[in-house]
Amino acid sequence: MGNAIVFDNVRKSYGQKAVIPNLNLSIAEGTITVLVGPSGCGKTTTMKMINQLIQPSSGKIYVNGSNALDISPVELRRNIGYVIQQVGLFPHMTIEENVTLVPRLKKQAGEVNREQVDRMLQLVGLNPDEYRHRYPRELSGGQQQRVGVARALMSDPPIVLMDEPFSALDPITREQLQDELIRLNQELNKTIVFVTHDMDEALKIADQIIVMQDGHVIQQSTPEQILRHPANEFVRGFIGEKRLTSHLTQSVDEVMVKHPVTIAPQKGLAEAVKMMVRKRVTGLIVVDKDGTYLGLADSADIHARYPEESLSIRDVMRADAAVVNVSTPLAETIPLVQQAPYGYVPVVDDLGRLRGLLTRASLVDVLARPYLEGGEEHE
Amino acid sequence: MSEILNVIIDRWPNIVDATWQHIVLSIVALFWAIVLAVPTGILLTRFRKLATPVLGFISVLQTIPSLALLGFMIPLFGIGATPAVIAMVVYALLPIARNTYTGILDVDPALLEAARGMGMTKGQMLRMVELPLARSVIFAGIRTATVMTIGVATLASFIGAGGLGDLILRGIAMVDTGIILAGAVPAAILAILFDMLLAWTDWRITPKGLRIQNRT
Ligand SMILES: Nc1ncnc2c1ncn2[C@@H]1O[C@H](COP(=O)(O)OP(=O)(O)OP(=O)(O)O)[C@@H](O)[C@H]1O
Ligand SMILES: [Mg+2]
């Protein structure tokens, strides 16, 4: 596989200030390459030099083998997909008009068919019949960015640039779109250059990560190699920002789920089932109206006695399940959670009131940390 | 009251004539104002350093009292419709040019960035993004200019351009309130009608996607 993009001694300065002093970089075809680094390190500048939204002060940039500076910027950009954080859908155009914009600019009007629009919208998880004729303002932020991605892919460009495309979205939508980007590129094999300042995002989606600092590339490697062999303290710090505190010093309060789904003891079983379905949980924590913890009602217990219509939650809950106090050191709670029959343990305060829930999932991070951090020393 | 009614009935052909002249004067002036001011506003967004001096100059023109400006026209262009229309155009320039300029500058920079990144040329950006999105602001400028122009047109009869000002002037000369009103009331009604017509047009041609309120 060749290189889709090559930076050859590229320099960009504004007045006296060299934002990118001297950049050499190769980005392999068909990969997702993520530029990551702190704010102001030059990620956006680097990306925008690829489609000439920013002109380098000196040096050469090769895109698909030809010197990008020899191609007219307009021509170059029409063959490079571009997705930005603010989405930038045109509010006066329908979704279809937005998606077909680049082909229309290229005057391939004859070739833009319904089918292709449908295929693109489906690819990004939108029902074409429902969305084709809607307007951007009628869509949620996540849906808008899906359209933004469809628009960038519509004319089938070999390279797609994405500048923090998911940063403005809520965490759940962001995760979904990250997953879909990975899936989508397994299908399409585009060269995707993706900018983010979120190392977790980079680790998740990247084939290659490029860590930047002050306009320099500090490390370019696979996520696995970056985790195992961070090039220096800076990279280590950047990987570990959230992982820095060791599990021994963390408190139960910090890792527990803060607002578990609760139910009052006098509620009926049907209500409980409905609530579990709606909140997408497999068990409920029973608390009285003062918030005092009473017991656990798991879906298995509820379903087993569901036919008995006169029962309430009080009759099926387990009052004897293990609980932990918020002040318990985290290390001591780990075996409790691992042995808990449902995989979760309620957290209570000194007065017996429910404070949160420790789940296996909330401990995964804590348990995995020593391996990620100690990786180097233990080799 | 009946006195005024009598005036209206007596002078009906007169009023219709004058109103028609008034409308023609105003429309011609607005046409030229739009033709001059919209491109000026667009050019100023491309040469932004010129915006302050140019818009400043146009607003200085606007501070000249209308009667005085009409007076200046006589040595330059004589009397009649032409100097009157020129004076009216001068007044109508500012709101249109200024709104064109600010309307285009107010377009969300993220949209321009997206447009440029997708490979639009400058012309395509103007046609497909900037003008459609600035259109309602430009239209608001045209509405302001319209109401002003219809007002200024009443003074045009001072230099012999006709219009409803003729009735008003005659009324003043004859100290006849009825005749003054026969000129002033249609002028006011014209201004209101034109404003409403433009408001309706604006609403009609606003793309559906822009009529939807922003969710955020
Ligand atoms: N037009 C400009 N004139 C002067 N300096 C600029 C200009 N554009 C960017 N810079 C500077 O260049 C540096 C790199 O900017 P860039 O936008 O590439 O950062 P970034 O890594 O994308 O940051 P962020 O994560 O905040 O988006 C910053 O210090 C910025 O202040
Ligand atoms: Mg940036």
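Reminder, nothing fancy here: chain letters follow the sequence lines and each chain counts from 1.
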- Message: So for atom CG, which belongs to B:Leu76, do other residues, nucleotides or ligands contribute more than 12 heavy atoms lying within a distance under 6.0 Å?
- Response: yes

- Item | Atom group of A:Ile84 that falls short of 4.5 Å from chain B, counting heavy atoms | side chain

- B:Leu133 portion near chain A, given a 4.5 angstrom heavy-atom threshold: side chain

- Item | Proximal to chain A - members of residues 134-161 of chain B, heavy-atom separation under 4.5 Å | none

- Task: Compare every heavy atom of A:Leu161 with every heavy atom of A:Ile80, then report the nearest pair and how far apart it is.
- Result: CG2-CG, 3.6 Å

- Interface residues of residues 39-50 of chain B facing chain A - non-hydrogen atoms under 4.5 Å apart: none

- Item | Charged tip of B:Arg211 within 45° of A:Tyr135 ring normal and under 6.0 Å | no

- Task: Using the side chain to side chain contact (heavy atoms under 4.5 Å, CB included) rule, pick out the option among A:Thr33, A:Leu181, A:Asp207, A:Ile27 that qualifies with A:Ile192.
- Result: A:Leu181

- Spacing of CE belonging to B:Met118 relative to CG belonging to A:Leu105, to within rounding of 0.5 Å: 6.0 Å

- Could you tell me whether a side-chain N or O of A:Gln116 sits under 3.5 Å from a main-chain N or O of A:Met154, the two making a donor and an acceptor? yes

- Message: Could you check whether A:Arg146 pairs with A:Glu180 (Lys NZ or Arg NE/NH1/NH2 to Asp/Glu carboxylate O, under 4.0 Å)?
- Response: yes

- Sidechain-backbone polar pair: A:Gln144 side chain, A:Pro136 backbone, donor-acceptor under 3.5 Å: yes

- Is a side-chain donor-acceptor pair under 3.5 Å present for A:Gln208 with A:Thr31? no

- Looking only at non-hydrogen atoms, find the nearest pair between A:Asn98 and A:Arg151 and report the distance. O-CD, 3.1 Å

